[in-house]
Amino acid sequence: MSGTQGDETGRRRTRLSPEAREHEIVRAAIGFFAENGFGGQTRELARAMGVSQALIFRYFPTKEDLIERVYEEVFSKEWRPNLSLVADRSQPLETRLIAFYRDYAGLILGHDYTRLLMFSALGGVNYHERLFARIAAEIYPVVIDELRAHYGRPSLAERPASQNEVEAVWGLHAAIFFVGIREHVFGLGVPPADGMVELKVRTFLQGVAAALAE
């Protein structure tokens, strides 16, 4: 029976289109690297998938090509921060920040996202550098500008962001992301995401005025 099942599995695999096969390899690689780090070998990935290493290299000639595709799948394709939630001044700033970070937490608190980012920093892969540069360029300016408007400060168009402002927003972002590290790296229990985000945002707003007092 097991031999028949194995033959059937093999035949099913041969029917996959190139696009479906590539997607299968990428999804398997995401889980594999998230569990084993980027030191994990493609031959081990192939064994876990039940395919040959040659099949993986047919789609991804080098391990670096596969690692780059994993970045695109997890950190680029899924990158959809809804900054309109922050910029809608018809709502109180606290409400806007809570709505934005609740939505964003759905990505940054994920198992694969968290572990891949940690392994990238430890394993010489530049996921974290590229991601943090994008966060700093796309998210922080919007949040800082809305904070300035809330506290009656000049906009970023009138005055560049100060180091204190950047550090303050870094602190909010990091406080939320660290919940994912607690869960997926340290294996600790964490509170429900919605209530946690609300707490972090309210704590942030109670202290951030000092960073804007320059």
Side-chain angles (χ1 to χ4, degrees), residues 1-83 101-139 173-174 176-190 193:
M1 178 65 71
S2 60
T4 300
Q5 289 176 338
D7 291 343
E8 290 175 353
T9 300
R11 287 197 297 271
R12 283 198 298 271
R13 286 188 180 282
T14 61
R15 295 193 190 107
L16 288 178
S17 68
E19 293 78 11
R21 177 74 75 195
E22 182 176 319
H23 180 74
E24 178 187 52
I25 293 171
V26 172
R27 296 312 305 178
I30 289 170
F32 178 78
F33 290 135
E35 290 304 318
N36 301 284
F38 295 100
Q41 300 298 309
T42 52
R43 64 175 175 270
E44 297 300 329
L45 169 60
R47 184 177 297 117
M49 292 183 63
V51 301
S52 69
Q53 190 177 19
L55 177 65
I56 293 176
F57 285 140
R58 185 185 306 166
Y59 290 88
F60 301 96
T62 69
K63 181 180 175 181
E64 288 69 29
D65 291 331
L66 182 56
I67 288 173
E68 176 62 24
R69 179 57 185 279
V70 167
Y71 176 87
E72 293 175 4
E73 193 75 17
V74 177
F75 297 99
S76 186
K77 184 184 292 186
E78 298 298 324
W79 176 266
R80 294 187 298 270
N82 188 0
L83 290 166
Y101 277 105
R102 278 179 174 171
D103 179 69
Y104 192 45
L107 173 64
I108 68 173
L109 298 184
H111 174 274
D112 294 340
Y113 182 104
T114 302
R115 290 182 63 86
L116 287 170
L117 200 59
M118 292 298 97
F119 277 128
S120 79
L122 296 172
V125 177
N126 70 352
Y127 285 8
H128 58 296
E129 296 173 358
R130 295 157 68 182
L131 181 67
F132 292 159
R134 195 168 186 180
I135 291 170
E138 297 182 26
I139 295 180
H173 200 91
I176 295 170
F177 177 63
F178 188 69
V179 174
I181 296 177
R182 284 162 52 192
E183 180 177 11
H184 303 303
V185 177
F186 297 136
L188 302 175
V190 297

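Since this is a predicted model, take the numbers as computed values, not measurements.
In this structure Phe32 satisfies the ring pair (Phe, Tyr, Trp, His ring centres under 6.0 Å) test with no other residue, sequence neighbours excluded. Scanning for ring pair (Phe, Tyr, Trp, His ring centres under 6.0 Å) contacts around Phe177 gives an empty result, with sequence neighbours left out. Partners of Phe178 by ring pair (Phe, Tyr, Trp, His ring centres under 6.0 Å), not counting sequence neighbours: none found. For the side-chain hydrogen bond (donor to acceptor under 3.5 Å, both in side chains) test, residues two or more places apart in sequence or in another chain that qualify with Asn82 are Ser84. For Asn36, the side-chain hydrogen bond (donor to acceptor under 3.5 Å, both in side chains) test picks out no residue, with sequence neighbours left out. Checked against side-chain hydrogen bond (donor to acceptor under 3.5 Å, both in side chains), Glu73 has the following partners two or more places apart in sequence or in another chain: Lys77.
Counting heavy atoms from C-beta outward, Leu66 and Leu45 have side chains that approach closer than 4.5 Å. Between Tyr127 and Val70 the shortest side-chain heavy-atom distance falls below 4.5 Å.
In this structure, CD1 in Ile30 is found 12.5 Å from CD1 in Ile25, a value given to the nearest 0.5 Å. Considering CZ of Arg182 and CG of Leu109, their distance stands at 10.5 Å, rounded to 0.5 Å. In this structure, OH in Tyr101 is found 6.0 Å from CD1 in Ile139, a value given to the nearest 0.5 Å.
Among residues at least two apart or in separate chains, salt bridge (Lys or Arg N to Asp or Glu O under 4.0 Å) pairs with a member in residues 34-57 are Glu44-Arg47. Screening residues 121-138 for salt bridge (Lys or Arg N to Asp or Glu O under 4.0 Å) gives Glu68-Arg130, Arg134-Glu138 as the qualifying pairs, with residues at least two apart or on separate chains.
The main-chain N or O of Leu83 is never found under 3.5 Å from a side-chain atom of Tyr104 such that the two would form a donor-acceptor pair.
Between Tyr113 and Val74 the shortest heavy-atom distance is CA-CG1, 4.1 Å.
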Could you list the donor-acceptor pairs under 3.5 angstrom formed by side chains in residues 114-122, with sequence neighbours left out?
residue	atom	partner	partner atom	Å
Thr114	OG1	Ile108	O	3.4
Thr114	OG1	Gly110	O	2.8
Arg115	NE	Ala34	O	2.6
Arg115	NH1	His184	O	2.9
Arg115	NH2	Ala34	O	3.3
Ser120	OG	Leu117	O	2.8
Ser120	OG	His128	N	3.4
Ser120	OG	His128	ND1	3.2

Show which side-chain atoms of residues 52-60 pair as donor or acceptor with protein atoms under 3.5 Å away, not counting sequence neighbours.
residue	atom	partner	partner atom	Å
Ser52	OG	Leu55	N	3.1
Gln53	NE2	Thr42	OG1	2.7

Exercise for review: Given side-chain contact (heavy atoms from CB on, under 4.5 Å), test Leu131 with Trp79 step by step and report yes or no.
Suggested key: CA-CA 10 Å; Leu131 181 67; Trp79 176 266; 3.6 Å; yes

